[in-house]
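One structure is given below, encoded as structure tokens.
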2 protein chains.
Amino acid sequence: MLSKKTKYGIQAVLYLAEKFNKGPVLISEIAKTQSLPKKFLEAILLELNKKGLLHSRKGKGGGYSLKRPPNEIMLGEVIRVLEGPLAPVSCVSQTAYRPCDECKDELSCGIKVVMKEVRDAISKILDHKSLADVFVQRKHEMDKFTVNYVI
Amino acid sequence: MLSKKTKYGIQAVLYLAEKFNKGPVLISEIAKTQSLPKKFLEAILLELNKKGLLHSRKGKGGGYSLKRPPNEIMLGEVIRVLEGPLAPVSCVSQTAYRPCDECKDELSCGIKVVMKEVRDAISKILDHKSLADVFVQRKHEMDKFTVNYVI
DNA sequence: TATATTTCCTATCGATTAAATAGAGTATAC
DNA sequence: GTATACTCTATTTAATCGATAGGAAATATA
């Protein structure tokens with residue numbers, strides 16, 4: 001299960017995607033409109049910033065913005081920064097490989113092959129779904145439930 | 001990332017799968033052969049037992065065994081018992097649906113649709129991979145690295 | 001029935017992580 | 001030079017993880 005930190009982070013970058021090319025956005029604006037705890041959000045954005053997903057400017061007229069356009073930032077990137085590797089076990093992680101310490105023999109492990117499958121399936125989705133894609137999908141989803149009265 | 005509890009549990013049921021139809025297996029035997037902390041393993045097996053995956057008998061000649069044959073127990077079941085839902089967010093869980101409390105409006109959530117995709121992809125793998133399947137896969141994997149000297 | 005065996009149950013412990021907040025520091029626009 | 005807004009470090013509280021202890025309950029067998 002994704003942590004609140006990750007969910008907050010995704011909400012925030014989606015908001016920044018919405019405001020892309022409209023100038024810097026204040027942390028407090030994101031916190032207010034998305035109902036997120038401001039101080040916590042501050043830490044989250046800082047982390048995303050350090051990992052190169054965001055751009056920030058201090059002082060008056062400052063704020064946060066996406067470093068790349070929404071169609072070039074993948075959900076997988078955001079999640080990796082805030083939650084860690086996508087892989088269910090570290091020994092099948094592409095970005096953070098580490099042998100499992102419980103595992104005497106990686107070869108005869110058995111679950112490794114299955115978990116690799118899982119990792120690849122997750123990555124196939126999250127590393128190919130951009131913030132822009134999420135927007136389009138959300139739009140579609142909302143339209144399905146919206147009755148369109150055309151006069 | 002899967003917890004040690006879950007990994008231990010998987011190791012244990014795989015061992016039980018190996019010993020299926022060969023009578024009850026002692027916790028201490030599993031702990032010893034798989035190098036798992038005995039007391040911790042005890043709690044894990046108890047949980048799997050309560051959720052109906054295992055069969056147990058107390059006293060001399062007792063021990064644990066799989067309640068169903070290895071080809072009828074799916075990895076997904078084991079993981080759900082020990083780790084919780086497969087879904088990355090509770091609002092897309094099939095077995096443990098619960099609205100996310102961060103989420104004002106599930107409809108306009110945006111990430112929900114993506115996470116549903118992820119959940120389905122994970123389930124497609126783990127709910128169709130039985131303990132027996134894992135065995136076959138492990139065998140194949142080991143054979144790939146075994147030079148066969150035929151005299 | 002007595003006893004050894006083995007799972008079952010409850011409680012507890014230390015360490016780590018999650019979620020959140022506080023407050024001072026630093027850069028920037030005007 | 002002052003208000004603004006991000007940056008950094010530290011702390012708090014609660015929850016979870018990993019593990020262990022010790023006795024209760026059930027069972028086989030002598």
Side-chain angles (χ1 to χ4, degrees), chain A residues 1-12 16 19 23-32 34-67 79 81-85 88-90 100-102, chain B residues 1-12 16 19 23-32 34-67 79 81-85 88-90 100-102:
Chain A
M1 288 278 180
L2 295 180
S3 62
K4 289 193 176 185
K5 182 169 141 186
T6 302
K7 293 191 207 169
Y8 292 169
I10 294 176
Q11 270 188 265
L16 289 176
K19 302 290 181 182
V25 182
L26 297 184
I27 295 178
S28 48
E29 180 185 333
I30 306 177
K32 199 166 229 173
Q34 306 302 299
S35 340
L36 305 177
K38 189 188 162 195
K39 267 295 184 181
F40 194 19
L41 179 61
E42 219 174 286
I44 293 168
L45 294 177
L46 195 59
E47 225 171 314
L48 289 166
N49 188 19
K50 279 190 193 165
K51 292 289 173 60
L53 297 192
L54 302 181
H55 175 259
S56 73
R57 191 152 72 246
K58 290 181 185 173
K60 194 165 190 180
Y64 272 108
S65 50
L66 297 183
K67 198 153 198 171
I79 293 177
V81 168
L82 299 174
E83 192 79 23
V89 290
S90 69
C100 300
D101 25 297
E102 303 77 45
Chain B
M1 288 276 180
L2 295 180
S3 61
K4 289 195 176 185
K5 183 169 141 186
T6 301
K7 292 191 207 170
Y8 292 169
I10 294 176
Q11 271 189 265
L16 288 176
K19 302 290 181 183
V25 182
L26 297 184
I27 295 178
S28 49
E29 179 185 334
I30 306 176
K32 199 167 229 171
Q34 306 302 299
S35 340
L36 304 177
K38 189 187 163 196
K39 268 293 183 181
F40 195 18
L41 179 60
E42 217 174 290
I44 293 169
L45 294 177
L46 196 58
E47 225 172 313
L48 289 167
N49 189 19
K50 278 190 192 166
K51 293 289 173 61
L53 296 193
L54 301 182
H55 175 259
S56 73
R57 192 152 70 246
K58 289 179 185 175
K60 194 165 190 178
Y64 272 108
S65 50
L66 297 184
K67 198 154 199 169
I79 293 176
V81 169
L82 299 174
E83 193 78 23
V89 290
S90 68
C100 300
D101 24 297
E102 302 77 45

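Order of the sequence lines sets the chain letters (A, B, ...), proteins ahead of strands, with each chain counted from 1.
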Base C:dC8 to side chain B:E42, donor-acceptor N/O within 3.5 Å cut-off: yes
A:T6 OG1 to A:Q11 CD distance, which is reported to the nearest 0.5 Å: 12.0 Å
Candidate nucleotides D:dA19, C:dA20, C:dT5, ranked by approach to the side chain of B:K4 - the nearest: D:dA19
Pairwise side-chain contact, B:E83 with B:K5, heavy-atom cut-off 4.5 Å (strictly under): no
Atom pair distance, as rounded to whole Å: CG in A:L36 and C1' in C:dT21: 15 Å
Sugar-phosphate only, base, or nothing, as touched by B:K7 at under 4.0 Å among non-hydrogen atoms: nothing
A:K60 vs A:F40, nearer the 5' end of DNA chain C by closest nucleotide: A:F40
C:dT7 OP1/OP2 closer than 4.0 Å to side-chain N/O of B:N49: no
Nearest-neighbour nucleotide for the B:K58 side chain, D:dT7, C:dA19, C:dT6 considered: C:dT6
Side-chain N,O (B:S56) to OP1/OP2 (C:dC8) below 4.0 Å: yes
Residue whose closest nucleotide on DNA chain D lies nearer the 5' end, A:L46 versus A:G59: A:G59
D:dA19 OP1/OP2 closer than 4.0 Å to side-chain N/O of B:Y8: yes
Which nucleotide in C:dA19, C:dT7, D:dA21 has an atom nearest any side-chain atom of B:K39: D:dA21
Option from B:L53, B:L48, B:L54 for which side-chain contact (heavy atoms from CB on, under 4.5 Å) with B:L66 holds: B:L54
B:E42 with B:K39: basic N within carboxylate O range, under 4.0 Å: yes
Sugar-phosphate, base or nothing in reach of A:K5, heavy atoms under 4.0 Å: sugar-phosphate
Touch class at under 4.0 angstrom, heavy-atom based, for A:L45 against every strand present: nothing
Any side-chain heavy-atom pair of A:K19 and A:S65 under 4.5 Å: no
Contact under 4.0 Å: B:R57 side-chain N or O vs C:dT5 OP1/OP2: no
Among C:dT5, D:dG18, C:dT7, the nucleotide that comes nearest once only the side chain of B:Y64 is considered: C:dT7
